[in-house]
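FYI, the numbering just counts along the sequence from 1.
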Amino acid sequence: MRTLLHKGDRKSFEEHLETCKGPVLILDRIQDPGNLGNILRTAECFGVETILIPERESAGITPLVEKIASGALAYLKVFRVGNLAQVLEKLQKKGFWIASTSDKGEEDWSKLPPWEELAIIVGNEGEGAKRILLEKSDFVLRIPLHGHISSLNVTVATGIILDRLKNRA
């Protein structure tokens, strides 16, 4: 698995996983650079340090993404990985619990393990997380919505998810 070449850090994700502190944020096929930059900024604001992005079907770290992230990349470890399903298995072997989000998920977030033990999957802007990732997840969560529209922008959803998970009583 390759690392995003950012700030000269060539450490592989496998090496990083040995000392990785959770939560880990996994971005499944986030294609819009604006969404990616805003998600990176939001994740850093909530104390996430490790971000995983698939090598294919995802926006990369471009000057536009860096600008939108507003300095967050200086504090994040972002890795581009080949196969997210295999990465989930590695994370689970290291003691992480996989929590994905879907409009078909559960609204009860009370049974989740601590923030530091989570790997959180946020899915593509239009299709959500891939089915195989949902199947490999320990928890599939849904943000309770009260309006007529059934989904949120991925950046807004990520902020809500991180806030709810970080600030659970």
Backbone of G159 reached by a side-chain donor or acceptor of D163 within 3.5 Å: no
May I ask you to decide if T155's main-chain N or O and N38's side chain share a donor-acceptor pair within less than 3.5 Å? no
Can you list the residues that meet the side chain to side chain contact (heavy atoms under 4.5 Å, CB included) rule with E116, with sequence neighbours excluded? P114
Salt bridge present between D108 and K111 (N-O < 4.0 angstrom): yes
Cation-pi check, R168 to W109: give yes when NZ or CZ is under 6.0 Å from the six-membered ring centre and within 45° of the ring axis, no otherwise. no
May I ask whether V87 and I132 are part of the same hydrophobic cluster, defined by side-chain heavy atoms of I, L, V, M, F, W, Y residues being less than 4.5 angstrom apart, directly or through others? yes
Applying salt bridge (charged side-chain N to carboxylate O under 4.0 Å, His left out) as the test, list every pair that has at least one member in residues 36-53; sequence neighbours left out. K21-E49
With I26, the side-chain contact (heavy atoms from CB on, under 4.5 Å) member among I120, L84, V81: L84
List the residues meeting side chain to side chain contact (heavy atoms under 4.5 Å, CB included) with D103, not counting sequence neighbours, and say none if there are none. none
Do E125 and R29 meet the salt-bridge criterion of a basic N to acidic O distance under 4.0 Å? no
Filter on side-chain hydrogen bond (donor to acceptor under 3.5 Å, both in side chains), then keep only pairs touching residues 140-152, sequence neighbours left out; what's left? E107-R142
Can E57 and N124 be counted as having a side-chain donor-acceptor contact under 3.5 angstrom? no
Which residues satisfy the side chain to side chain contact (heavy atoms under 4.5 Å, CB included) test with T62, sequence neighbours excluded? L64, V65
To the nearest 0.5 Å, what is the distance between CD1 (I51) and CG (L76)? 5.0 Å
Heavy-atom side-chain contact between W115 and V48 under 4.5 Å: yes
By salt bridge (charged side-chain N to carboxylate O under 4.0 Å, His left out), which residues pair with R131, not counting sequence neighbours? E135
